[in-house]
Structure formats: C-alpha cells, structure tokens
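Worksheet for the structure shown next.
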Amino acid sequence: LSRGLGDVYKRQEYHTRILYQFQLRRNAIEEAELVKQKALDMTEDIFETYDSVVKNFRFKNPQNVLTYKSMNQTMIDGAKEPPAKRLCGSLLHENTLAILFAGAGTGKTIFSTQIGDVLSRGTNLFGNKDFYNTAKEKKVALFDFEMEESEVFERYKRGDSDGFEWHKNFFRSGINPKFIDFEDADTLITNEIQLKIEEHKPDIVILDNITYISSESSDTKMATKTMKKLLAIQKQSGNKLSIIVIAHTPKRDPSLPIEL
C-alpha cells in the first residue's frame, strides 16, 4: 500500500511540475513583451527595467528542500562523495563558508590575503604544519572593497619601487571608481559578485568586507539574510567553492564584560 501511495505521489508531483512550467512560460512571455515595450520607450529608465526583470523572473522551483533517508543510506551516499580537503589545517576546508571577524585594525585583511596567497600557490600558511594545505594550487578571487589599487601597491611593495610578485592564480576585484550608486550598493555588489564567480569560476573567494554587501551588518536579520545569499552562491557553484567573509566586531566599551 505504501509503495502504491508513493507511486501516486510521484505521478502527482510530475504532473504538477509540468503545469507549473506552462504557467512560468506564459508569465515569461507576458513579462518579455512588457520589457520589450519599456526598452523601446526612451522615456523609461533602462536600469529600472533591468531591476524589474530580475525581481519578476524569480520563481520557486517545486522541488523538495529537505532530504530524508536512513543513517545507513546516508553513510553509503557519503562514501561516494570525495572528502573535503583541508586548506588551512582546521581553519578552512574545501566547499565551506567561513567568517573571519575581529576588531578594527587587528590585521584581518592582511591575514586573509596571506591565506589567499598560499592557497593560490598550493603551500602551507606561514609554512606551519598546523596550517597544512592538502590541496593543489587554487584559483583565488579577492573582492576588496577596502583599498584602492595604489594602497594595495603601497602595502605589498618591496623596497622603493618593486611590487610583490603574486601567483598567476590570484585575482582581485575592487569597486569601479566610476560607480556612484551607493544607495543600492548592497544588492548591486552582491549580484555582481555572483556574476564574477559564475564567469571566472574561482575555487576560493575572499570578501573584504561584509559591510559592503550588508550595510546593516550589525543587524542580526540583515547579516543572516546576506550570509544565506552567500551560502546559496557557494552551493550553486558546483566547483568546491570556499568563501571567506571578513567582518568587524561591533565597537564596545572594553571596561565592560563580554556578553553573548
């Protein structure tokens, strides 16, 4: 009986999905016609048109969110997956989302950059066995929203003129000097991060720092929403993507006890 009910449920889910696809196609045709009209109308703001497309074309895929299986089956399926390699000892593994947080001026940026440097070369952090790297060279993308290119050069130059020689696998993305739309910067930057990841397919992403993609980073709800978005990007990558997010701890009176 249970098997029969299961077959009925699967058929029902299959036909429901087909009907939903037809509805999506109809909505897409209607939306495309509206976009075409707005694109031809020179009085319309083309940027607002693009924003509306992004919002209106979002949909819910009628698939199960959760899996449900026995622990024995979990062990069998887990054995088929390759184990995640350690990148910096116990600090960082492949296919993970990690948060590096500390007070202002404590060296978060330079520390995360050092991590990116050694991972691009396939070597250990600080040459220390406690931070051993079991993976080969990784393609690293540093999204740096803190420093200008001239500041990067000044920080990492050697002597009076020579710059530090980075590995060919290490890339940097910064704020375009011509970008001025800071009112919607959170959404615009997050969307472009996702596009850059899809285009260049890095193995490691470093975000410095979270305040540029979540202006209210001290707000628990906003920060949680941002981290869920990053987690979705990491899950969708399909290439063992690891993300390191740099965050500031809120300012506090050092004379007061720490509270959770």
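Only heavy atoms go into these numbers, but all of them, side chains included; no hydrogens, no water, no symmetry mates. Numbers here are sequence positions counted from 1.
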#### Entry: Cationic N near anionic O, under 4.0 Å, Lys157 to Glu154
yes

### Flag, side chain of Thr49 to backbone of Asp45, donor-acceptor distance under 3.5 Å
yes

### Message
For the backbone of Glu198 and the side chain of Lys201, can you confirm whether one donor and one acceptor N or O come within less than 3.5 Å of each other?
### Response
yes

### Query
If every non-hydrogen atom of Ile246 is compared with every non-hydrogen atom of Thr109, which pair is closest and at what distance?
CD1-CA, 4.2 Å

#### Entry: Shortest non-hydrogen contact between Leu119 and Leu87, atoms and distance
CD2-O, 3.4 Å

### Message
Please enumerate all residues that pass ring pair (Phe, Tyr, Trp, His ring centres under 6.0 Å) together with Tyr132, with sequence neighbours excluded.
### Response
none

### Query
Would you say Glu149 has more than 12 foreign heavy atoms packed within less than 6.0 Å of its CD?
no

### Task
For the pair Ser242 (side chain) and Ile204 (backbone), establish whether a donor and an acceptor sit closer than 3.5 Å, ignoring hydrogens and angles.
no

### Task
Supply the atom-to-atom distance Glu192 CD to Phe179 CZ, rounded to the nearest 0.5 angstrom.
8.5 Å

### Summary
Contacts of Lys69 meeting side chain to side chain donor-acceptor pair (under 3.5 Å) (sequence neighbours excluded), chain-then-number -> Asp77

### Query
Parallel, tilted or perpendicular for Phe164 and Trp166, by the 30°/60° rule?
perpendicular

### Query
So, for Lys108 and Phe101, which heavy atoms are closest and what is the spacing to 0.1 Å?
CD-C, 4.0 Å

### Query
What distance do Ile243 atom CD1 and Ile233 atom CD1 have between them, rounded to the nearest 0.5 Å?
6.0 Å

### Task
Report the C-alpha separation of Asn133 and Thr123 in whole Å, then their side-chain angles, then the decisive distance to 0.1 Å, and conclude whether the side chain to side chain contact (heavy atoms under 4.5 Å, CB included) test is met.
CA-CA 6 Å; Asn133 176 13; Thr123 57; 5.9 Å; no

### Query
Can you check whether Leu34's main-chain N or O pairs, donor with acceptor, with Gln37's side chain at less than 3.5 Å?
no

### Nearest heavy-atom neighbours spanning Ile99 and Ala247
CG2-CB, 4.3 Å

## Note on the structure
Here the pair of heavy atoms bringing Pro202 nearest to Ile197 is CD-O, 3.6 Å

### Task
Determine, stepwise, if the pair Asp208 / Phe143 fulfils side chain to side chain contact (heavy atoms under 4.5 Å, CB included).
CA-CA 6 Å; Asp208 187 11; Phe143 289 89; over 6 Å; no

#### Entry: Test item: Thr106 side-chain N/O and Ala102 main-chain N/O as donor-acceptor pair under 3.5 Å
no

### Working for side chain to side chain contact (heavy atoms under 4.5 Å, CB included), residues Ile244 and Ile115
CA-CA 10 Å; Ile244 303 174; Ile115 292 176; 3.9 Å; yes

### Query
Hey, does the side chain of Gln234 reach the backbone of Leu241 with a donor-acceptor pair shorter than 3.5 angstrom?
yes

### Task
State, yes or no, whether a side-chain contact exists between Asn124 and Phe131 at a heavy-atom distance under 4.5 Å.
no

### Message
Nearest 0.5 angstrom please: Arg172 CZ to Thr113 OG1, how far?
### Response
9.5 Å

### Task
Please determine, by modelled atom types, if Asp41 and Thr43 share a side-chain donor-acceptor pair under 3.5 angstrom.
yes

### Task
Working to the nearest 0.5 Å, report the span between OG of Ser112 and CG of Asp144.
8.5 Å

### Message
Can you confirm if the NZ or CZ of Lys139 lies within 45° of the ring axis of Phe171 and under 6.0 Å from the centre of its six-membered ring?
### Response
yes

### Task
Quick one: closest heavy-atom pair of Ser120 and Asn169, and the distance?
O-ND2, 3.2 Å

### Residues Lys138, Glu94: salt bridge by 4.0 Å N-O rule
yes

### Plane angle bin for Phe111 and Phe126 - parallel if under 30°, tilted between 30 and 60°, otherwise perpendicular
parallel

### Message
Is it the case that atom CD in Glu44 sees more than 12 heavy atoms from other parts of the structure closer than 6.0 Å?
### Response
yes

### Residues Arg121, Glu137; criterion side chain to side chain contact (heavy atoms under 4.5 Å, CB included); working and verdict
CA-CA 5 Å; Arg121 302 174 189 275; Glu137 299 172 355; 5.6 Å; no

### Rounded distance (nearest 0.5 Å) linking atom CG of Asp130 with atom OG of Ser90
9.0 Å

